There are 2 protein chains.
Amino acid sequence: MLAVPTPERISTSSSVRADTRCLVKATEPTRIAIVGLGKIAHDQHIPAIGRHPGFSLSAIVTRGAGLPGFDHFTQLDAMLAARPDVTAVALCVPPQVRFGMAWAALSAGRDVLLEKPPGATVAEVHALTDLARANGRTLFATWHSRFAPAVAPAKAWLGDRTVTRADIVWREDVRKWHPGQAWIWQAGGMGVFDPGINALSIVTEIMPRPLHITSAELEFPENRDTPIAARLAFADTTSAPVTADFDWRQTGPQTWDIRVETTEGALTLSAGGAKLEIDGRTVDQPAEAEYDGIYARFAELLATGMSDVDASPLVHVADAFMLGRRIVTDPFHD
Amino acid sequence: MLAVPTPERISTSSSVRADTRCLVKATEPTRIAIVGLGKIAHDQHIPAIGRHPGFSLSAIVTRGAGLPGFDHFTQLDAMLAARPDVTAVALCVPPQVRFGMAWAALSAGRDVLLEKPPGATVAEVHALTDLARANGRTLFATWHSRFAPAVAPAKAWLGDRTVTRADIVWREDVRKWHPGQAWIWQAGGMGVFDPGINALSIVTEIMPRPLHITSAELEFPENRDTPIAARLAFADTTSAPVTADFDWRQTGPQTWDIRVETTEGALTLSAGGAKLEIDGRTVDQPAEAEYDGIYARFAELLATGMSDVDASPLVHVADAFMLGRRIVTDPFHD
């Protein structure tokens with residue numbers, strides 16, 4: 001548990017928005033629109049919304065084909081104008097176009113859920129946070145890996161233990177997880193930080209003290225604008241070393257592990273936060289249900305009029321790019 | 001004027017620190033130490049402290065030779081232990097080593113003034129801000145260009161006018177301003193953003209609405225780890241275009257200009273914020289006195305127990321590195 005909240009984790013007062021709440025009966029589900037009908041919307045958001053009694057999927061915004069049985073718009077502005085009853089939107093578009101849409105939705109008085117990362121830049125996350133506060137709307141910057149089953153137990157176990165070192169290893173096969181996704185290789189697409197930020201979202205959630213990067217090496221394929229691998233060194237504020245090894249070139253078994261050593265034992269989070277070992281003993285966890293957790297949290301934020309925007313994982317990525325030494329490596333071809 | 005304060009501009013309560021204040025008589029000047037005796041300390045900090053009746057330069061911390069007549073330490077920790085009467089420190093060391101020193105000074109109950117930029121990473125500025133708040137100390141992240149004489153009048157004139165576009169041109173000769181400074185070319189040294197962040201500190205101060213970067217091109221000399229030139233495109237939250245052109249290869253006359261067009265006239269800040277033209281007419285300003293302004297502000301913060309930490313110029317630099325496309329250019333030799 002952090003003794004001092006980070007400046008990014010802000011909350012908006014529920015009193016500001018009491019007037020608009022009255023338009024909808026308390027027992028009615030929140031009508032929500034999905035914007036961007038890619039893999040993550042299909043695989044996760046639509047099923048999770050379907051399972052949560054507090055939400056009703058009421059519109060789809062996508063330039064391509066919609067979904068049978070759902071009101072379909074090709075432009076967000078058209079949906080915002082036509083469907084005042086849709087009070088929330090979930091933005092599942094790539095980060096490069098997310099800001100304008102989030103700004104439009106918040107400006108039109110809607111509550112907004114953002115897929116990770118919450119923006120293409122840190123500055124735009126701050127601007128959205130300020131707008132949500134000014135307009136009395138809920139803004140929820142989701143980090144789905146924080147809802148992996150073993151993350152909360154890991155955080156609770158770490159408590160205020162003294163960390164002596166931590167090591168993050170996040171190695172996966174980009175061809176398996178991002179086949180043909182051109183935007184991740186374009187400037188602003190973040191490259192290997194697209195999965196790496198999931199690790200950072202867990203580490204920033206569970207570590208007792210804040211971290212900062214002290215050095216970084218980024219490997220750029222000579223034909224790409226974003227890195228395929230990154231090695232980061234952090235310190236926490238007691239100078240305990242923390243390393244991160246992100247690599248997109250791992251074939252065979254995939255690795256998403258975080259090991260934290262403390263003066264009173266060690267833990268290993270593996271499988272992206274699904275499995276937990278403490279001092280070598282497995283601690284049983286429930287099945288993975290990240291997006292059910294996300295929509296449960298969104299419902300809670302809507303009910304209390306709060307926002308939850310922690311930019312710190314994105315801050316670390318920006319810091320890594322600012323501080324990192326660039327190494328040019330072999331070209332990458334899909 | 002921003003309607004909503006940025007999350008970084010925080011203040012700490014004066015009540016928390018009342019006990020330590022009693023150790024020094026109210027009329028006595030604040031005993032301050034300078035850490036890092038480079039060009040900026042010699043040229044600016046020492047003369048400005050000498051001119052301000054509220055401060056007394058009481059110690060110098062530098063690995064090299066000290067200054068005749070001033071208590072000299074080679075290590076900050078030794079000074080903090082030996083001189084409890086020195087309640088404030090001004091950190092004029094390069095950003096790569098600033099965090100550890102600021103952390104040590106704040107932890108030892110001292111008030112801290114940071115030269116620009118306030119850290120090598122955004123995350124460490126957040127950590128220091130949280131520590132200052134928790135310890136009830138003053139932390140002042142200075143941006144000297146904000147104290148240039150025409151900046152406050154420019155900000156006042158812009159008020160809440162509607163900006164239609166803005167253009168920053170910051171072109172200077174690195175050989176003239178940074179002769180032989182190896183650290184600016186090393187990863188984390190920021191390269192052309194070392195002067196460019198001065199422009200960003202002015203723009204973030206005077207513009208009525210926050211900005212975010214939408215695209216960037218960074219030119220890296222093939223033998224250096226930091227950029228020699230950068231072209232940035234921003235949008236403000238009304239989508240008005242803002243451009244920045246930073247270049248370290250300009251010989252002859254140097255250019256430090258910001259032009260802002262609004263629906264009700266235009267202004268040009270030139271000479272790094274020293275000169276102001278509104279609709280083509282020169283507005284007379286007092287002589288440059290940036291560091292007198294900085295120490296006047298620090299005295300005010302100390303008297304009221306406040307902090308002033310705006311990370312937004314550094315956030316834009318980190319965002320530029322994260323979002324920017326890298327272009328390799330000719331090698332640079334001093």
Side-chain angles (χ1 to χ4, degrees), chain A residues 2-8 10 96 99-100 103 107 119-131 133-134 186-190 193 204 209-218 220 225-226 234-237 239 309 311-312 314-326 328, chain B residues 2-8 10 96 99-100 103 107 119-131 133-134 186-190 193 204 209-218 220 225-226 234-237 239 309 311-312 314-326 328:
Chain A
L2 290 171
V4 179
T6 61
E8 297 82 7
I10 61 103
Q96 288 99 325
F99 175 79
W103 189 268
S107 297
T121 61
V122 175
E124 66 193 62
V125 180
H126 291 173
L128 292 177
T129 303
D130 289 347
L131 180 64
R133 188 191 288 119
Q186 291 159 2
M190 292 194 188
F193 287 99
T204 50
R209 268 165 289 277
L211 304 175
H212 62 275
I213 291 181
T214 54
S215 72
E217 286 187 341
L218 312 180
F220 286 72
D225 288 328
T226 58
F234 298 80
D236 86 352
T237 54
S239 300
V309 184
S312 67
L314 188 62
V315 165
H316 290 309
V317 175
D319 282 345
F321 276 92
M322 177 163 63
L323 204 67
R325 203 160 62 82
R326 276 133 241 298
V328 176
Chain B
L2 290 169
V4 179
T6 61
E8 297 82 7
I10 61 103
Q96 288 99 328
F99 176 78
W103 189 269
S107 298
T121 61
V122 174
E124 65 192 62
V125 180
H126 290 172
L128 292 176
T129 303
D130 289 346
L131 180 64
R133 188 191 288 118
Q186 291 159 2
M190 292 194 187
F193 287 99
T204 49
R209 268 165 290 277
L211 303 175
H212 62 275
I213 291 181
T214 54
S215 72
E217 285 187 342
L218 312 180
F220 285 72
D225 288 328
T226 58
F234 297 80
D236 86 352
T237 53
S239 300
V309 184
S312 67
L314 188 63
V315 164
H316 289 309
V317 174
D319 283 344
F321 276 92
M322 177 163 62
L323 203 67
R325 203 160 62 84
R326 276 133 242 298
V328 176

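Since the model is a prediction, treat every value here as computed from it, not as a measurement. As a basis for the values below, the full set of heavy atoms in this structure was taken, side chains included, without hydrogen atoms, waters or symmetry mates. In the text below, chain A, chain B and the rest are named by the order of the sequence lines, each starting its count at 1.
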Go through the atoms of A/F193 and report whether side chain, backbone, both or neither lie under 4.5 Å from a heavy atom of chain B. neither
Does any non-hydrogen side-chain atom of B/F234 lie less than 4.5 Å from one of A/T121? no
Which distance, rounded to the nearest 0.5 Å, do you find between the CZ of A/R209 and the CG of B/L131? 12.0 Å
Would you mind checking which part of B/L218 comes under 4.5 Å of any heavy atom in chain A, side chain (CB onward), backbone (N, CA, C, O), both or neither? neither
Report yes if some heavy atom in the side chain of B/M322 is under 4.5 Å from a heavy atom in the side chain of A/V317; otherwise report no. yes
Rounded to the nearest 0.5 Å, what's the gap from CZ on A/F321 to CG on B/L323? Could you check? 9.5 Å
Looking only at B/R326, B/R325, B/E124, most heavy-atom pairs under 4.5 Å shared with chain A are made by B/R326
Using a cut-off of under 4.5 Å for heavy-atom pairs, which of A/S239, A/A318, A/A320, A/G119 has the most such pairs with chain B? A/A318
